[in-house]
Amino acid sequence: MINFILLLVIYIGIYSILSLSLNLIAGYTGLLSLCHAAFFGIGAYTTAILMTGAKLDFWSAMLISGVISSLFGILIGLPTLRLKGDYLAIATLGFGEIVRNLMINWDSLTRGPMGINNIPSPNILGFKLIPSQKWQYVILVWLFVIIIFFILNRIMHSRFGRALSAINDDEIAALAMGINTTKYKIISFSIGAFFAGIAGSLFAVFNQSVSPNTFDFMLSIMILCMVVLGGMGNYLAVIVGTVIIVTAGELPRLLGFSNVIPPQTNQILFGLILVLMMIYRPQGILGRKRLDFGKIIQNSIKKEV
Amino acid sequence: MSFLYTDSLRKEFGGVIAVSDVDFKVEKGSITGLIGPNGAGKTTLFNNITGLDTPTEGCVFFKGMDITNLASYKITRLGIARTFQNIRLFKEMTVFENVMIGRHFKGTHPHLTKNSFINAFLGLIYVKKEEKDIYENSLKWLKFLGLENLHSELAKNLPYGKQRGLEIARALATEPELLFLDEPAAGMNPFETDELMKLIKKIKNLGITIVLIEHDMKLVMNICDNITVLNYGKKIAEGNPKEIQNNPLVIEAYLGKSE
Amino acid sequence: MSLFNISIQELAQHLINGLTLGGIYALIALGYTMVYGVLKFINFAHGEILMLGTYCGLFVFNSLKTNSSNPIIIFAFFIVAMLIAMIFSAMLGIIIEKIAYRPLRKAPRLAPLLSAIGVSIILMNLSAVLFGTKSKKFDYPFDNTALNFLGISITPHQILIMIVCIILMVLLKVFVDFTKLGKATRATSENQKVASLMGINVDFMISLTFAIGSALACCAGILIALEYKVYPTMGTMAGLKAFIAAVVGGIGNITGAMLGGLILGLLETFGVVILGIPQGLKDTIAFSVLIIILLIKPSGILGKNVREKV
């Protein structure tokens, strides 16, 4: 039981990184990307290949995974980010499918549908993690969640983040304010992809194996659900959304109902969440967080008086 | 040489000529009015100058520099700001944030501003300084427009007249040398229009050159130094308000030909 | 195999295969394009309407079939099953629009798209629960031995597919171009506000658009099922490719959707044969085509450039 809960906590951590990074792309910048699972997968596969084939250490493999995911983000971003909303969604969906097809068919690199097994557990400062000791992974994963949360939060409270919000709100007005919208969208996309790659890397060493079908379209949808449920453009809310969705998904197993409830129930639930949230509460359960500059302004008004 | 001028600028939309070989010029420090009946091509001319659209033929020169095919954001950075006919505020952002966006590319460390993403990442000291600079400047422009007490309202919740004001504040925050106003008095009552007139004069006194599209003739004739008249995409007249008022071609364009 | 050592017969063979595939894409693409025309959003659940319609056709046909052994009567049953399934899909399309899209008509652009993705997932998984994930087969209504013309083989199914596609497309074209109702559909997709001022019931026109698009998709689904199988995720890939076809032809343009479907069908067939793209990467062709067309001419072959007014 305790192991199961720890497992749940680890998954929530990994998915939180995914939903946080998608929130930057979709929630703040307003780019509906349906290929987040692909970036996740590229990260996981890169780590798997580097650690089993090239025998690289975990940290280097993780960094390279992030960078490669990010490069793919730029690669897909350059041609498609000029597209509006739904076109972008379809193009990214297509990209995700291409990546999965390549994972299945590029046998020499990815070992095809079987995937890559026996990924060594990471060695951190001379301390080798043991897969059966789940708490070690809890610490590792959540350390990253906290760091990434901090970084993304910082980004959003900066001038860069403000520009992303502006692009989301009105792209033409943003251009007229001197913002290089294309560049910013691509940077946003590549940062999101970078962190998704990091999540993939963590997933690979925790799961110790990767296979193509993990990284399908449904996973992208699930991540999107977490963002939508929590509230687009609010990092804390997105983590709440992730906790709810992952827990709800695992609940049947937790309660021992997994034989009674068909596996599709989860997905039906995701679908319902999307439809109902859009109709009744498009801003998510917690809504969008807004920076309050009131105090700063009041202070500086006072100072002058 | 004029501060800004176009050299036989032409814009076609799939065979329809919206702007036809127009030579439009703006003198430094002046207020130039751009008038003409609906559909005369005024906004199209604006869009082609400010880079939201690219001309089919012809050139645009600003301070002697060819800016014809420059990206819109680059033109803004060179010192040309604008407002929009159908108000384009960042609706989901607060009044203060809207003006802050106007300060986006300005900073005490212009060379570092370029990598604002890396800076944000590191949270360095000068980032904080720069942010402080943004706060203070944004506040200055809010006060200039008398909007400082509305700072935390969402832009979409402002009344119409204030939205127009905010759009001007946001444009001013980019510290332009040249400001394009697209129908600033549209939808305003006479009292608001009077206020606007004072505001435009105040902006001129800051040393900012202004170009405005406007249908309110009282406003145009009162504050413009020069007026250019467009009709069916062609320039039919230019001159000072008095000359324009007495120009038979202009009277014909507005009132039709007397038989 | 390359282009140079391919015989004329083989070329013609692939041309026929490509055209039948393309015809099916075109039928599905019409639904996307018509809905995009009126509502300016992608009906993500289109592929799932296709799937459910096909299941409906399958059940109706299987229960009717047992009543007779005369091949002509069985064929008549098949047509009846197809019509019933089309009506069922049309109603499904109307209901989905009413429940999941209509409340969002004034919402930001992303909202209806997300809602549509939600509907698509619900339908797909619900039918997996109801009908099982195992694929079912249409029992062929008639003999499907390939006929031979000058070394080119055509199956009766392919002939049926072509005939149905041609009939439906001609009917649709006539409806849209020459009837009063068709004119109203075009007016609605041009400008909803003005159309409603002209006395057109916009809600009705939108429902009608969904009904027609869904019925066509259902028809395409049953035609696919003749050659392949019926399973809960059958609509997803078919739907995506048809959407790509609609984009290639110019989304919102009915002739464009037909053209785009045929082009995509041919590209897929010849891509595998001539360019030697492995079967496993066949789906990649369509997505690459999408990205390329969006780069070169985002409005598609027959589409108009839509400009945002500033």
Side-chain angles (χ1 to χ4, degrees), chain A residues 26 30-32 34 76 78-80 82-91 93-102 104-107 112-113 171-173 175-176 217-218 220-222 224-225 228 232 261-280 282, chain C residues 36 40-42 44-45 96 99-104 107-130 132-133 232 236-237 240-241 243-244 247 251 278-292 294-295 298 306 308-310:
Chain A
L31 305 167
L32 185 58
L34 295 179
I76 177 74
L78 281 175
T80 55
R82 290 187 308 174
L83 308 173
K84 288 251 145 56
D86 21 17
Y87 280 84
L88 178 70
I90 297 285
L93 196 166
F95 171 73
E97 284 301 310
I98 291 176
V99 168
R100 203 167 61 92
N101 266 324
L102 284 176
I104 297 172
N105 288 290
W106 196 348
D107 285 2
E171 201 173 330
I172 287 178
L175 268 174
F217 175 58
M218 275 317 297
S220 292
I221 293 293
M222 187 169 142
L224 186 66
C225 274
V228 169
M232 292 231 212
I261 298 175
Q264 285 86 6
T265 325
N266 270 340
Q267 265 115 54
I268 297 178
L269 185 74
F270 300 155
L272 280 174
I273 287 174
L274 281 177
V275 177
L276 295 177
M277 291 301 284
M278 280 305 119
I279 296 176
Y280 296 107
Chain C
Y36 198 92
K40 303 283 172 289
F41 99 106
I42 300 166
F44 237 91
I96 289 172
I99 295 175
Y101 307 152
R102 190 161 296 181
L104 299 171
R109 263 180 87 115
L110 282 188
L113 183 65
L114 286 170
S115 180
I117 293 175
V119 171
S120 146
I121 298 166
I122 295 172
L123 294 180
M124 195 196 303
N125 289 288
L126 205 59
S127 47
V129 174
L130 295 177
T133 43
T236 317
M237 202 35 88
L240 278 175
K241 287 190 185 164
F243 170 76
I244 293 170
V247 174
I251 198 141
Q279 200 72 34
L281 289 178
K282 196 178 154 202
D283 295 343
T284 317
I285 299 173
F287 291 113
S288 314
V289 168
L290 173 73
I291 291 175
I292 292 168
L294 289 175
L295 278 178
V306 184
E308 194 177 355
K309 203 165 158 56
V310 283

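Computation of the quantities below employed the complete heavy-atom set of this structure, encompassing side-chain atoms and omitting hydrogens, waters and symmetry-equivalent molecules. We name chains A, B, ... by the order of the sequence lines, and we start the count at 1 in each one.
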If one checks every heavy atom of T133(C) against chain A at 4.5 Å, the contacting part turns out to be side chain
In this structure, CG of L114(C) is separated from CD1 of I273(A) (nearest 0.5 Å) by 12.5 Å
I90(A) and V247(C): CA distance, side-chain angles, deciding distance, side chain to side chain contact (heavy atoms under 4.5 Å, CB included) verdict: CA-CA 10 Å; I90(A) 297 285; V247(C) 174; over 6 Å; no
The interface call for F44(C) against chain A, heavy-atom contacts under 4.5 Å, is side chain
| request: Decide side chain to side chain contact (heavy atoms under 4.5 Å, CB included) for T284(C) and N105(A); before the verdict, give the C-alpha distance in whole Å, the side-chain angles of both, and the deciding distance to 0.1 Å. | output: CA-CA 11 Å; T284(C) 317; N105(A) 288 290; over 6 Å; no
When the 4.5 angstrom heavy-atom criterion is applied to I104(A) and chain C, the contacting part is neither
When the 4.5 angstrom heavy-atom criterion is applied to I99(C) and chain A, the contacting part is backbone
Honestly, the part of L290(C) sitting under 4.5 Å from a heavy atom of chain A is side chain
Correct closest heavy-atom pair for M278(A) and L104(C) would be O-CD2, 3.2 Å
If one checks every heavy atom of M124(C) against chain A at 4.5 Å, the contacting part turns out to be neither
Between the CG atom in L93(A) and the CG atom in L240(C), the distance rounded to the nearest 0.5 Å is 5.5 Å
Scored by heavy-atom pairs under 4.5 Å with chain A, the best of A128(C), G118(C), P232(C), P103(C) is G118(C)
Whatever's closer than 4.5 Å to a heavy atom in chain A on A107(C) counts as neither
Turns out that what part of I291(C) lies under 4.5 Å from chain A's heavy atoms comes down to side chain
dist T236(C):OG1 -> E97(A):CD (nearest 0.5 Å) comes out at 9.0 Å
Looking only at A111(C), P112(C), S120(C), most heavy-atom pairs under 4.5 Å shared with chain A are made by A111(C)
Rounded to the nearest 0.5 Å, the CD1 atom of I121(C) sits from the CD1 atom of I221(A) at a distance of 4.5 Å
